[in-house]
Each structure stands twice: as C-alpha cells, then as structure tokens.
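First the proteins, then the strands, lettered A, B, ... as listed; each starts at 1.
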Amino acid sequence: MDKRKIIITSALPYANGALHLGHLVEYLQTDFWARYQRMMGHEVVYVCADDTHGTPIMIRARKEGITPEALIARSYEARVREFGAFEMGFDRYGSTNCEENRILSESIYLKLKERGLISSRSVDQLYCERCGMFLPDRFVKGTCPKCGAPDRDGDNCSVCGATYNPADLREPRCAICGGTPVMRQSEQLFVELEPCREFLKGWLPQHTDKGTAEKLLEWFNEPLRGWNISRDAPYFGFRIPGYDDKYFYVWLDAPVGYMATLWAWAKTRGQTLEDWWQDPKAEIYHFIGKDIVRFHCLFWPSELQAAGWRTPTQVFVHGFLMVNGAKMSKSEGTFISAATYLRHLPAQALRFYYACKLNGTVDDMNLDLRDFVGRVNSDLVGKITNLASRGAQMLNKNCGGRLGEMDADSRALLAECRTQLPELQEAYERRDFCRAMVIVRDWADKANQLFDAKMPWKLVKEDVEATRAVLTGTLNLFRLMAIALKPILPAYAAKVEALFGEAPYAFADAAKDVEGCAIAAYERLADRIDPKAVEAMVAETKAQNAPALPKGLTEKDVKAGIRQLAHAPAGKTFPPPPAETIAIDDFAKVDLRVAQVVAAEAVEGSDKLLRLTLDVGEARPRTVFAGIRKAYAPEELPGRQVIMVANLAPRKMRFGLSEGMVLAAEDADGTLRLIQPFAPMTPGARLR
RNA sequence: GGAUCCGUAGCUCAGUCGGUCAGAGCAGGGGACUCAUAAUCCCUUGGUCGGUGGUUCAAGUCCACCCGGAUCCA
C-alpha cells in the first residue's frame with residue numbers, strides 16, 4: 001500500500017472547564033485511529049489545542065481576579081497533564097491564543113472580505129449597562145416565555161424545550177451581575193453562506209456520513225443564513241482588522257486553530273503549513289461531536305474554500321456519552337471528570353472499554369459501569385492478559401525463560417488468526433473499534449482453548465521441550481494480540497515489546513514468529529478493577545456536586561419541581577422575589593469568611609440551635625449559634641467548611657454570646673443547606 | 001411543534017440485499033482443572049426481536065400508526 005500522508009484533528013476543548021469522560025469519547029477514538037494509521041506505516045500528524053477565547057473565559061478570569069492569559073495557562077497545564085495520563089499521543093497540543101492562529105484568522109477573514117462574503121448589519125442585542133457589555137445568549141437568564149419556568153437560559157428552556165431569543169425572555173437578567181439588560185443596536189459582521197450553497201450541496205454528501213449530510217441539507221430549502229463572526233469589546237480574542245472594538249467570535253478562530261497548531265508543528269521540523277495542508281496527497285480528517293456539526297460541515301469548509309485552502313477529506317461525527325443508560329448527571333455522580341477517574345481507576349481500562357463500544361457511527365455511546373468492570377476484568381485481564389501471565393511465568397519458571405519452536409497446533413492457530421488481520425485493519429480504518437476488539441477476543445478464546453487442551457502444567461512434568469513448544473505458541477499468539485491492541489493500549493504494548501525484547505511494534509511485525517530467544521521477567525500488564533473503586537469514583541463525583549442539589553433529589557425531580565412552581569398559584573412564589581437592589585459598597589461591608597467547623601453540639605433548651613465552634617484563622621475560635629438543628633446532626637459537622645459573616649455584631653443569647661452567623665440556603669420545601677466552598681480553603685479566607 | 005436516530009435474552013450489543021438469524025460476550029446454573037491476576041476450559045437456563053396493523057410465498061429486516069428513550073431546530 002502507498003504511504004499515506006494524514007492530518008488528524010479532534011475538536012478543541014474549551015479552556016474554561018474540566019475534561020470529563022464525555023470529552024474522552026472523542027479524544028480516545030481519535031487517538032486510536034491516529035495510532036492505528038502510524039502502525040500501518042503512514043505519515044501521520046495528530047494535532048489539537050485548547051480553545052481559549054470568548055466571553056465565558058473573560059468573565060471567569062475577571063471573577064477570579066486574574067488575566068485571561070493566566071486562566072488559560074492554568075487550564076493548559078491541567079489539560080496536558082490529564083491527556084498525558086490517558087496516553088494521548090498528540091504530535092502537538094497547542095492553544096488558539098497563539099501568533100500563528102492570529103495570522104491565519106486574519107488572513108482567512110481578509111480573503112473572505114475580498115471575495116465579498118463578509119457583510120455588515122445592525123443587530124439588536126441585550127446590553128448590560130452595569131457590566132458594560134453585550135450579553136451572549138448564555139449570559140442572559142429569565143423566565144421562559146412559553147412555560148413560565150423561572151431562571152432559564154437565554155436561548156432555550158430546559159424545562160419545556162422551547163427555543164427563543166434572549167429578548168423574548170420575561171424579566172431578563174444579566175447572569176453576571178443580576179442587573180436588567182437593555183436592548184441596544186450594534187454593527188455586526190457576517191460571513192454569508194448563501195453564495196456557498198452550490199459548493200456545500202456538492203461537498204456535504206461526499207465528506208461526512210449520510211445522516212449528517214442529509215440533516216444539514218434540510219436547511220437548504222430556505223436561503224442559508226449568514227453567520228455572525230464578530231463580537232463587541234470587551235472580549236477575549238483576536239481583534240478584527242480595521243476595527244478598534246470588534247473581535248472575532250471564538251468559533252471563527254477555533255477551527256483555524258487546527259491549521260495554526262499544524263503550522264507550529266511543521267515549523268519545528270523545518271516545514272511549512274502548505275507542505276501539509278495544501279499537499280494534494282495529504283488527507284485531512286476532523287473528529288467532532290454531533291453538537292458542532294454545523295461549524296465543521298457548513299461554515300468551516302465554506303471559509304476554507306473561499307479563502308483558497310483545501311477542505312477536509314472527511315469529517316467524522318460521533319455521538320454523546322451516556323452513563324448507565326442516561327445522560328451524564330451531576331447528582332447521580334455520573335458526570336465524571338477525567339481527574340476524578342484517574343484518582344480511582346487506570347486509564348487503559350477506559351481506553352479498552354471505549355474501544356469495545358465504539359463503532360464509528362453517530363449513535364450515542366453508553367458507559368455502563370457494571371459492564372465496564374466486567375468487560376475489563378473478564379476480557380482484557382481474564383482472557384487476553386492471562387495468556388501472557390500464565391505463558392510467560394511458566395516459561396520463566398520451568399523452561400529457563402527461553403522460547404523454542406512452536407508446536408504444530410499453535411502454528412496452525414497463529415496462521416488462522418493472521419488471516420483475520422486484514423479484517424481487523426479494515427475495522428480500524430472505518431473506526432469500527434468494537435469489531436476489532438471482537439476479533440482479538442476471539443483469538444484469545446481460541447488460544448485459551450488450545451492452552452487448556454495441551455495442559456502444559458501436566459506436560460511439564462514429563463517433557464520440558466514439548467512444554468516449551470506449547471508456551472512458545474501461546475506467547476506468539478499473545479504477541480499478535482498485543483500488536484492488534486497497540487492502537488488502543490500503547491503502554492501495555494510497550495511492556496509486551498519489553499517482554500520479548502523487541503523494537504516498537506508496527507502492524508508489519510504481526511507476520512513475524514518469535515522463536516528461539518529469551519524473554520524478560522514477566523511484568524504485570526493490566527490489573528483487575530475492584531468494583532469498589534468505581535463506587536468510590538461515583539461517590540466522589542457526587543460529593544463534588546453535592547451542594548448543587550438538595551439531598552435525595554435528582555435533576556429530574558428539580559425539573560419537575562420547577563415545572564410545578566411555574567404553574568403554582570401566585571402568593572407562594574419560589575424562589576422568593578428579588579430583594580431591593582444594593583450598591584456594591586453595601587455588599588462590601590459584609591465580611592464573609594471561610595470557616596472550619598471545629599466542634600458542634602446541640603444546645604440544651606433549644607430544639608433549633610446548634611452551638612458551633614468555628615476556626616476563622618484567628619487566634620481564638622469563635623462561637624456561633626445557628627438554627628440548623630433540624631437539617632444537621634452535630635456529629636456530621638466537625639471538619640467541614642462553611643461560610644460565615646465575620647463582622648456581624650456579636651449578639652447575646654440566652655445560651656451565650658454568638659459571634660457571627662453561618663450562611664445557609666432554604667429550598668422550596670423548607671430544606672436548609674449550609675453553603676460550603678467547592679474545595680477546602682484556608683480558614684479565614686475572605687469571599688469576594 | 002417540526003425533524004432525525006434508537007428500542008433484539010438480566011446487562012452490553014451483532015444481525016449485510018426481506019429467505020437456517022432468533023445470535024455473541026458478560027451475568028446466572030452445573031461440571032472439569034489448578035499453570036495463571038479466584039484467572040481458564042466444557043455443558044447449560046433465558047427473548048411474542050417496544051406495540052398494533054399492513055405489503056409479501058416469506059419480516060428484527062420493508063411501510064403506516066402508536067408507545068418509550070435520545071438528539072437537533074443555526
């Protein structure tokens with residue numbers, strides 16, 4: 001086969017927020033495919049980057065009192081560490097906030113402008129005067145115009161499913177400051193899509209899957225709407241050439257980040273971006289989730305085409321991750337972050353399980369946690385790894401650790417398995433990883449059957465050389481499986497390479513017999529998963545999100561509750577109506593501190609009060625009486641952190657002096673919950 | 001509301017052009033073995049293929065409607 005030249009990307013993760021197992025559905029499958037292509041001997045470059053621009057990052061940085069640059073640097077570090085732990089093999093992991101990206105974004109924009117594809121028109125948009133900025137949809141909250149549910153997002157209602165404009169919301173509020181936004185006009189720049197209609201119509205069916213293309217083509221019954229690519233200052237991003245106060249919308253420069261990162265990578269080896277992207281022989285593949293199809297299959301190819309760049313060879317679209325058959329949920333503990341996963345479980349287990357489930361379609365993928373444990377333990381460890389474990393240890397113990405020549409039966413089985421290699425490679429090629437795993441598991445079943453039939457543990461007592469032949473066969477069969485699994489389990493394969501003393505495997509090595517040489521000491525390749533570790537991971541995830549929902553309630557309950565409340569008779573409203581507006585100075589008078597509960601006891605003579613002893617970082621702990629006895633037992637509080645009002649005038653009570661007050665929230669049903677920091681902090685830390 | 005996708009054994013899923021397709025693995029039950037990470041091997045119990053109609057000599061497979069779940073509507 002000719003040597004192919006392949007550019008691979010996965011969608012850029014947004015730098016505001018932690019990686020979770022859903023993201024990994026994409027990154028892992030892209031990595032599987034990239035590694036497979038490398039093992040086929042092709043020239044592969046796999047790039048990705050942090051997506052760093054936009055309002056959410058600007059706001060978050062502002063809240064934390066740091067620059068956006070500092071925020072994205074922190075995110076980058078965490079991201080790279082976590083990807084590394086998951087054995088991701090990027091050739092380069094960059095950032096959209098780089099010079100290459102600025103240059104490319106500007107040049108693509110200017111090309112579009114030259115071609116007359118950029119137009120400008122005035123747009124009505126909500127503006128928050130207090131924050132001094134136009135509000136993106138997700139930064140407007142309000143009451144759903146359709147079902148009346150309170151506190152809904154700016155563009156859709158998750159209670160009744162309605163979609164609307166932020167301007168349609170009743171009682172719109174700025175999600176940042178809570179103020180009431182006003183309607184203002186602003187000049188915005190659009191990329192016109194209608195002129196690209198014919199190009200797209202022809203392009204779509206050939207460069208993505210049928211379902212995706214058909215879906216997008218539905219929109220072609222009407223004129224294609226232009227795409228707003230500008231945002232007004234303040235914004236974190238690239239300034240648009242020719243404007244002082246306009247920036248590229250984050251979605252304009254994000255896909256350009258693929259090229260920018262490729263460019264930066266090419267530079268390190270003395271090449272140009274054009275050497276890769278514009279090489280007619282090179283293939284360009286984007287792996288994306290189905291939620292961002294329109295950016296990658298409409299806007300992106302149109303821009304590239306108009307600006308004179310090559311369009312992608314194929315856009316591979318995948319579905320979302322479900323956990324235990326349902327959408328990932330914070331309250332159920334299934335919204336599992338990459339970091340939390342890694343604290344409890346080995347990365348390769350997830351890589352293996354995802355490979356067993358991915359079939360290259362846009363269907364959602366289900367991570368069933370019980371199935372996950374079963375699959376890893378029985379297939380990866382029990383069937384596959386066990387062959388190496390029993391074969392290598394026996395060879396080392398009884399046969400001097402030297403391979404001989406395979407017996408005839410093993411040789412025949414090995415030959416039979418090898419005939420399936422083309423099928424395995426085709427499965428990899430079409431991203432049908434689960435099919436590839438079925439093939440490998442089938443080999444393992446057959447190898448185990450043969451091993452048992454030969455009974456080497458008995459044979460070794462009478463004929464060491466015959467035993468050596470059987471074990472040589474077993475280990476050669478296992479080696480074939482390790483090669484087949486290498487795109488999924490690179491670290492595992494590296495250990496197998498070390499066991500046989502071989503150079504890194506490519507698929508070509510599958511044809512080789514390993515005979516007549518010594519093997520190294522057997523090193524454990526994979527560990528069984530203790531279901532308790534999975535429980536602990538779920539429990540930790542739940543705990544991270546515990547303050548979000550009252551005990552025992554799921555997100556579904558809350559939705560139902562909101563729905564009820566939306567239709568509840570007036571007079572008993574929840575949440576309570578907003579209090580009178582205060583100035584920032586008024587708020588600043590309140591000194592809020594993180595406090596650690598040192599001790600808690602019930603107060604005799606009161607059925608409401610607990611006496612709390614709080615460490616606020618001062619020389620002497622404070623005593624605070626709190627009316628939370630019906631919500632908390634005294635013994636569950638020590639060691640936990642709460643928020644207290646530290647400068648409240650001390651108040652003499654019948655039971656003693658109360659030197660402050662702890663913060664708690666009251667739910668619709670009267671449930672009280674103390675407020676605690678997301679993660680432990682130093683007692684005495686001030687809230688801002 | 002409109003559209004798309006999904007619904008096959010307790011669980012996760014295969015089932016190509018309608019014709020040995022009612023299947024696999026795991027889990028469950030029984031047995032064997034003890035080299036191996038309580039791993040492995042043999043045997044075995046499970047299903048009205050979401051429901052109802054229709055097309056056909058023949059339907060998980062095609063069509064219509066319904067129920068349930070998911071997603072998208074720029």
Strictly under 6.0 Å, is that where the ring centroids of [X] and [Y] end up?
| X | Y | result |
| --- | --- | --- |
| A:Y258 | A:H286 | yes |
| A:W251 | A:F299 | no |
| A:H20 | A:F335 | yes |
| A:W33 | A:F316 | yes |

Euclidean distance, atom [atom1] of residue [X] to atom [atom2] of [N] [Å, nearest integer]:
| X | N | atom1 | atom2 | answer |
| --- | --- | --- | --- | --- |
| A:I529 | B:U37 | CD1 | C1' | 13 Å |
| A:D371 | B:A27 | CG | C1' | 10 Å |
| A:M322 | B:U12 | CE | C1' | 14 Å |
| A:R370 | B:G10 | CZ | P | 13 Å |
| A:F451 | B:C42 | CZ | P | 14 Å |
| A:R524 | B:A39 | CZ | C1' | 11 Å |
| A:D530 | B:A38 | CG | C1' | 14 Å |
| A:M365 | B:U12 | CE | P | 13 Å |

(request) Decide if atom CZ of A:R370 counts as having more than 12 heavy atoms of other residues, nucleotides or ligands within a radius under 6.0 Å. (result)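 No, not enclosed.
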Checking all strands, does [X] fall into the base, sugar-phosphate, or nothing category for heavy-atom contacts under 4.0 angstrom?
| X | value |
| --- | --- |
| A:L459 | nothing |
| A:A388 | nothing |
| A:G382 | sugar-phosphate |
| A:F295 | nothing |

(message) Syn if the chi torsion is within 90° of 0, anti otherwise; quick check, which is B:G25?
(response)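 Here B:G25 takes the anti form, which means its glycosidic angle is more than 90° from 0.
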(message) Need the glycosidic conformation of B:G46: syn if within 90° of 0, anti if not. Which one?
(response) syn
Among the candidates [options], find the nucleotide nearest to the side-chain atoms of [X].
| X | options | value |
| --- | --- | --- |
| A:D364 | B:A70, B:A36, B:A14 | B:A70 |
| A:F320 | B:C72, B:C26, B:C35 | B:C72 |
| A:D368 | B:G25, B:A74, B:C11 | B:C11 |
| A:K397 | B:C41, B:C11, B:C35 | B:C35 |
| A:S389 | B:C35, B:U37, B:A74 | B:U37 |
| A:N359 | B:A14, B:A74, B:C35 | B:A14 |
| A:R390 | B:A14, B:U37, B:U40 | B:U40 |
| A:R375 | B:G25, B:U34, B:A14 | B:G25 |
| A:R441 | B:G25, B:A74, B:A70 | B:G25 |
| A:N366 | B:C41, B:C35, B:C13 | B:C13 |

For [N], does either OP1 or OP2 sit under 4.0 Å from a side-chain N or O belonging to [X]?
| X | N | answer |
| --- | --- | --- |
| A:Q449 | B:U40 | no |
| A:K383 | B:C26 | yes |
| A:R528 | B:A39 | yes |
| A:K357 | B:C13 | yes |

(message) Hydrogens and angles aside, do A:D232 and A:Q188 bring a side-chain donor and acceptor to less than 3.5 Å of each other?
(response) yes
(message) Under a plain distance cut-off of 3.5 Å, with no hydrogens placed, do A:S410 and A:D407 share a side-chain donor-acceptor pair?
(response) yes
(request) Take A:C434 and A:D379, find for each the nucleotide of RNA chain B with the closest heavy atom, and name the residue whose nucleotide sits nearer the 5' end. (result)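 Looking at RNA chain B, the more 5' nearest nucleotide goes with A:C434.
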(request) Would you mind telling me which residue lines up with the more 5' stretch of RNA chain B, A:L298 or A:K446, judged by nearest nucleotide? (result) A:K446
(message) Rounding to an integer number of angstrom, what distance separates B:G29 and B:U37 when you compare their C1' atoms?
(response) 25 Å
(request) Write down the distance separating the P atoms in B:C49 and B:A9, rounded off to the nearest Å. (result)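 B:C49 and B:A9 have their P atoms separated by 9 Å.
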(message) Using Watson-Crick or G-U wobble geometry with both distances under 3.5 Å, which nucleotide pairs with B:C65?
(response)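 Checking every strand shown, B:C65 finds its partner in B:G51, with both distances under 3.5 Å.
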(message) I'd like to check, for A:W227, whether its ring lies over the base of B:A74 with centroids under 5.5 Å apart and a plane angle smaller than 30°.
(response) no
(message) Check this for me, if you would: do A:E515 and A:R411 make a salt bridge, where the nitrogen-to-carboxylate-oxygen distance has to be below 4.0 angstrom?
(response)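 Salt bridge flag = yes for A:R411 with A:E515.
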